[in-house]
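Report on the structure given below.
Basis for what follows: all heavy atoms, side chains included, without hydrogens, waters or symmetry-related copies. Naming: A, B, ... by sequence-line order, numbering from 1 per chain.
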Amino acid sequence: MGETKPKSNDLHAMRHSAAHVLATAIQHLWPHAKFGVGPVVENGFYYDVDLGKDKLSEDDFGKIEAEMRQIKAANQKFEHFTVPIDEAIDWAQEKHQPYKQELLNDLKRAGTTVAKDLDNAELGLAATGAGKLEKASFYRNGDFTDLCRGPHVASTGKLGAIKLLRVSGAYWRGNEGNSQMQRVYGIAFETDKELKQHLVMLEEAKKRDHRKLGQELDLFLFSDLVGSGLPLFTPRGTLLREELAKYSNELRESYGFTKVWSPHITKKELYETSGHWAKFGDELFLVKSQETKDQLVMKPMNCPHHTRIYASRARSYRDLPIRYLETATIYRDEKTGELGGLNRVRSVTQDDSHIFCRQDQIEAEINNMLQAAHELYATVGMGLRVRLSYRDESDDYLGPKELWQSAQKQLKAAVVANKLEYFEQEGEAAFYGPKIDFMATDAIGREHQLATVQLDFVQPERFGLEYIAEDGNGQTPVMIHVALLGSIERFLSVYIEHTAGRFPVWLAPEQVRIITLNDEKATLGYASKLQGQAKELGLRVSIDDSNESVGKKIRASELMKVPYAVVIGDKEIKSNKLVPRVRKDMVVQERTTPMGIEEFLKTVANEAKGRVNKSSL
RNA sequence: GCCGACGUAGCUCAGUUGGUCAGAGCGGCUGUUUUGUAAACAGCGGGUCGUGGGUUCGAAUCCCUCCGUCGGCUCCA
């Protein structure tokens, strides 16, 4: 969650002021409170506070909000003033505000409080701030004064609808080595109505939570005995993930990729060569051989393996590009606190792909992959925009800087040429190269990073990859890493919430449910004949012949979000026709007249084959 | 890993000044019913209250350990 562009300056100022008033209220209730920073974030604001031995909890929100309402009702003016920076530092010392004092010292020294700019200032690079600051900006309302650049609204009476949402831990200045403060989050809108709408959206998000739906729709689970971050997939969940993987595989095959396979454990030397060991060694699962002296690891990615396949024979410039795909499960020992549902797991299945190509082929290859990503996200019905992820000035990256410069330029050129909506961000690159990250937008407007295309000049070099060029000399190929779904687990977490579990026919674990009206032989026989026909067409069809009312069986089918339900009784048996019940989100035009059973099954089979989202019934 | 909250049947949850507090609904099973598009009726099972320890005459309830979940922070090849 970064600082985001406000919808309007007024709203931004209001949220800023809300943070200020939150601090005012906390100061009133806990006079010894020490304050960190209180910026505006998406939909609201937060303030970092340190209450010493006291701890804030959500139980305190009632009284804090009450205090904030009082301050609002008092309609205190926000007075803006500036003081010489040294006086400001004295003020912070006198008021026992060590965090503010630290910020002020940074302002005095480098004109900024932003960690990255501070580093740059220390490295002698130009800080984005305007150099040393002479004066510090303050806002005062009533008895409370706070260091703040603003802007603020005119008075506390101008505050809109505010609600505190949660409190959590946050390291001072985002640094793991620093002390931990408490971060109080709030949301703020101009009107009560907007606030309510936002709360409704949060409720909707909760209803769609993939962990909840994963349980309700019987898709996946976690077991304490298996371990955290290690999901197990039920038959339904497995069908879903395999259909997705199959689609990604087919799509990439249509772009000239061929499948390869690599083992799940590998000697650690492979990752020492690639550079991963130095950077991610502590996140690898170790495997010890009892036969040899080898130190093995569970593989955390496939790219080094694919370089071995490339290097297994001499390559000519004529052979390139060579494109490998492998949808494989990899293992990363993520820190426990970072795990969450399917979003972040320790066993990750990537639809991983690697292109080995010549410099002059990069553009065409990137173009293809941009197109493939768009095709895939159009199919699953999610919008895309692109983030160009560049390196920053730190030493966390391998390879010569000039190469990075040109690689970043090439990526941008491809994105521009494809007329994609994009934004650029430094510090988001992989250690071996810049990336194009695709941000997918879900049905309730949230963005998620899923697909990625990464340029890599480093690993081919480190692995000594080569091809023989036209002139007979050895050349180093370029490697392009591509994942379209990203990780299947993560994609599922997003996709389940995007669809709220209402999967299109091609992905629905159960596509058609046959509901019997009674348990007469003729009915059961007909139902099972129907199921047989459907299976021949490749459909996933189940029969509910339980001793329950039709109403209840329909309800059960709806709750499992099965796309089609058909009731079989005498009418259907006599006429050989039926009126399918279509899941509401798929209906284009409601059908009331019966249709032939053959026609029904063929239509559904075609929908599945065509991977369409709507029903043509 | 860090800060905080939490962990009661398959699921959703009730149960705190420590003492008939081990409960409900749904699901499951059995029987009756043979059903026409979002819940027929009745009965029956089912939990060492996450784990291990401690305090106490007595612990789901209080304390500690560990495991796990959730919200953040940090990280994300």
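A 3.5 Å limit on both hydrogen-bonding distances identifies B/rG72 as the Watson-Crick or G-U partner of B/rC2. With a 3.5 Å ceiling on both atom-pair distances, B/rU35 lacks any Watson-Crick or G-U wobble partner. Searching all strands for a Watson-Crick or G-U wobble partner of B/rC11 with both distances below 3.5 Å returns B/rG25. Base pairing annotation: B/rU17 forms no Watson-Crick or G-U wobble pair, as no partner gives both donor-acceptor distances under 3.5 Å.
Using a 4.0 Å heavy-atom distance criterion, A/K552 is classed as a sugar-phosphate-only contact. As judged by a 4.0 angstrom heavy-atom cut-off over every strand, A/G227 is placed among residues making no nucleic acid contact. Nucleic acid contact class of A/G341 (heavy atoms, under 4.0 Å, all strands): sugar-phosphate only.
Side-chain to base pairing of A/E338 with B/rG72: no donor and acceptor N or O lie closer than 3.5 Å to each other. Interface remark: the A/E283 side chain does form a donor-acceptor pair with the B/rA77 base, using a distance-only criterion of under 3.5 Å. With hydrogens and angles ignored, a donor-acceptor pair closer than 3.5 Å exists between the side chain of A/R344 and the base of B/rC76. For a distance-only test at 3.5 Å, the side chain of A/Q215 fails to qualify as a donor-acceptor partner of the base of B/rC11. In the interface, the side chain of A/R166 is not paired with the base of B/rC70 through any donor and acceptor atom under 3.5 Å apart. Counting atom types as modelled, A/N547 pairs a side-chain N or O with a base atom of B/rU33 as donor and acceptor under 3.5 Å. No N or O donor and acceptor, one from the side chain of A/N518 and one from the base of B/rU35, sit under 3.5 Å apart. Put simply, the side chain of A/Y171 and the base of B/rG72 share no donor and acceptor less than 3.5 Å apart.
Annotation: B/rA60 and B/rG54 have their P atoms spaced 15 Å apart (nearest Å). Distance check on atom P: B/rA9 versus B/rG52 gives 15 Å, rounded to whole Å. Across B/rG10 and B/rG50, the matching C1' atoms stand 16 Å from one another, rounded to whole Å.
In this structure, the ring of A/Y310 has its center no less than 6.0 angstrom from the ring center of A/H354. Aromatic ring centroids of A/H210 and A/Y495 lie 6.0 Å or more apart.
The residue from A/R211, A/K212, A/K207, A/K206 that alone fulfils the salt bridge (Lys or Arg N to Asp or Glu O under 4.0 Å) condition with A/D209 is A/R211. If you run side chain to side chain donor-acceptor pair (under 3.5 Å) between A/D437 and each of A/R385, A/R387, A/Q454, only A/R387 comes through.
Here B/rC76 presents its P atom at 8 Å from CG of A/D396, a figure rounded to the nearest Å. Remark: C1' of B/rU12 and NZ of A/K212 are 10 Å apart, rounded to the nearest angstrom.
Using cut-offs of 30° and 60° for the angle between ring planes, the A/H481 and A/Y432 rings count as parallel.
Checked by atom type and distance alone, the side chain of A/T234 pairs as donor or acceptor with a backbone atom of A/L219 at under 3.5 Å.
Salt bridge annotation for A/E497-A/R446: present, with a cationic side-chain nitrogen under 4.0 angstrom from a carboxylate oxygen.
Using a 4.0 Å cutoff on non-hydrogen atoms, no part of residues 201-210 of chain A comes near RNA chain B.
A cation-pi arrangement is present between A/R166 and A/Y185 under the rule of less than 6.0 angstrom and at most 45 degrees off the ring axis.
Candidate nucleotides B/rA77, B/rA39, B/rG36 were compared by shortest atom distance to the side chain of A/L517, and B/rG36 ranks first.
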